[in-house]
Structure formats: structure tokens, C-alpha cells
Amino acid sequence: MNQTFKALADPTRREILRMLGEKSLTAGDIAEVFDISKPSISHHLRILKDAELVFAERDGQHIIYSLNSSVMQEIVTEIMSLFQVGENEQSPAEEEKTDD
């Protein structure tokens, strides 16, 4: 989980995740959006890949990056648990029972 939070701490990596949430992209496609070097983009992608936030799949000479949505769901669940979001809330049906 520490690797994940480290990966999410950087605004460039968060923007890459937003982009990959829309569609799979090559490193070149991603680099076109940013005003940083291609090696820097590769470094960000490696961190995201090491944190298992993205998948990388070779397609000929290109590597296609896509969002690992199952890990993203796990992160959201972990964060909600960490901050106890939803743990003390009652469903509408439970509220009706306590009102009787």
C-alpha cells in the first residue's frame, strides 16, 4: 500500500491515471500531453506499474498502458476504511426501524 500512496502523491502520475481512466495509451501518447521529457514519463509509468496501478502490454514496437481498475477499487475501499467512511451510517431501512 505504501508504494501505491507514493505513486499517487505525484500530480503528474495522478494526471496519467486520469488519462488512462478514459482509454489505454502508449507512452508517446502520454508524453504529448506533458511538458517533460520522455524519460521522465517512462519513470512515472514505471512507478505506476510497480505500484500495480497500470498494466503494460506490448503491441508490436509499442507498449500500451491501461488502468488497473481492480487495484483502484481496492485503494478506494482501503481509504474509506481508513477514514471510517460509511461504517457508522444506517441504511434507510435501518433508520425506519429505529424510528418506530
Side-chain angles (χ1 to χ4, degrees):
M1 192 57 75
N2 287 339
Q3 257 187 324
T4 302
F5 285 121
K6 177 186 173 189
L8 292 172
D10 185 86
T12 299
R13 291 191 286 270
R14 290 193 305 267
E15 181 59 29
I16 291 170
L17 290 173
R18 277 191 276 281
M19 292 169 61
L20 294 176
E22 294 177 18
K23 64 180 179 177
S24 298
L25 299 165
T26 65
D29 295 333
I30 294 167
E32 289 177 6
V33 175
F34 297 95
D35 191 25
I36 59 177
S37 69
K38 288 184 180 183
S40 292
I41 291 296
S42 293
H43 173 74
H44 287 297
L45 288 168
R46 184 170 24 90
I47 290 172
L48 292 169
K49 188 177 161 191
D50 289 346
E52 299 180 357
L53 294 169
V54 298
F55 293 119
E57 183 178 332
R58 183 164 291 281
D59 182 24
Q61 293 186 353
H62 299 284
I63 297 176
I64 308 296
Y65 293 90
S66 56
L67 187 65
N68 183 350
S69 57
S70 64
V71 169
M72 294 303 289
Q73 289 173 350
E74 289 175 27
I75 292 166
V76 170
T77 301
E78 182 68 26
I79 291 172
M80 290 177 68
S81 174
L82 181 66
F83 293 104
Q84 299 176 348
V85 174
E87 290 182 11
N88 295 328
E89 297 175 10
Q90 289 183 333
S91 70
E94 291 172 325
E95 287 178 9
E96 285 180 20
K97 290 179 185 177
T98 58
D99 289 341
D100 289 338

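Nothing here was measured: the structure is a model prediction, and the numbers come from that model.
Residue pairs meeting the side-chain hydrogen bond (donor to acceptor under 3.5 Å, both in side chains) criterion with at least one member in residues 49-59, sequence neighbours excluded, do not occur. Judged as a side-chain hydrogen bond (donor to acceptor under 3.5 Å, both in side chains), the pairs with a partner in residues 32-41 (not counting sequence neighbours) are, in order, Ser37-Ser40. For residues 6-17, the set of pairs meeting the salt bridge (charged side-chain N to carboxylate O under 4.0 Å, His left out) definition, not counting sequence neighbours, comprises Glu15-Arg18.
A search for side chain to side chain donor-acceptor pair (under 3.5 Å) contacts involving Ser66 returns nothing, not counting sequence neighbours. Residues satisfying the side chain to side chain donor-acceptor pair (under 3.5 Å) criterion with His62, sequence neighbours excluded, are absent altogether. By the side chain to side chain contact (heavy atoms under 4.5 Å, CB included) test, Leu67 pairs with Leu17, Leu20, Met72, sequence neighbours left out. In this structure Thr26 satisfies the side chain to side chain donor-acceptor pair (under 3.5 Å) test together with Asp29, sequence neighbours excluded.
When only modelled atom types and interatomic distance are considered, Asn2 and Thr4 share no side-chain donor-acceptor pair under 3.5 Å.
By the criterion of side-chain heavy atoms lying less than 4.5 angstrom apart, applied directly or through intervening Ile, Leu, Val, Met, Phe, Trp or Tyr residues, Ile30 is grouped together with Leu8 in one hydrophobic cluster. Cluster annotation: Ile41 and Leu48 are assigned to the same hydrophobic cluster (Ile/Leu/Val/Met/Phe/Trp/Tyr, side-chain heavy-atom contacts under 4.5 Å, transitive). Phe34 is connected to Ile63 through a chain of hydrophobic side-chain contacts under 4.5 Å among Ile, Leu, Val, Met, Phe, Trp and Tyr, so both are in one cluster. Residues Met80 and Val71 share a hydrophobic cluster, clusters being chains of Ile/Leu/Val/Met/Phe/Trp/Tyr side chains in contact below 4.5 Å.
The distance from atom OG of Ser42 to atom CD1 of Ile47, rounded to the nearest 0.5 Å, is 11.5 Å. For the atom pair CG (Leu53) and OG (Ser70), the distance works out to 10.0 Å, reported to the nearest 0.5 Å.
Residues Leu25 and Tyr65 form no side-chain contact, since every pair of their non-hydrogen atoms from C-beta on lies 4.5 Å or further apart.
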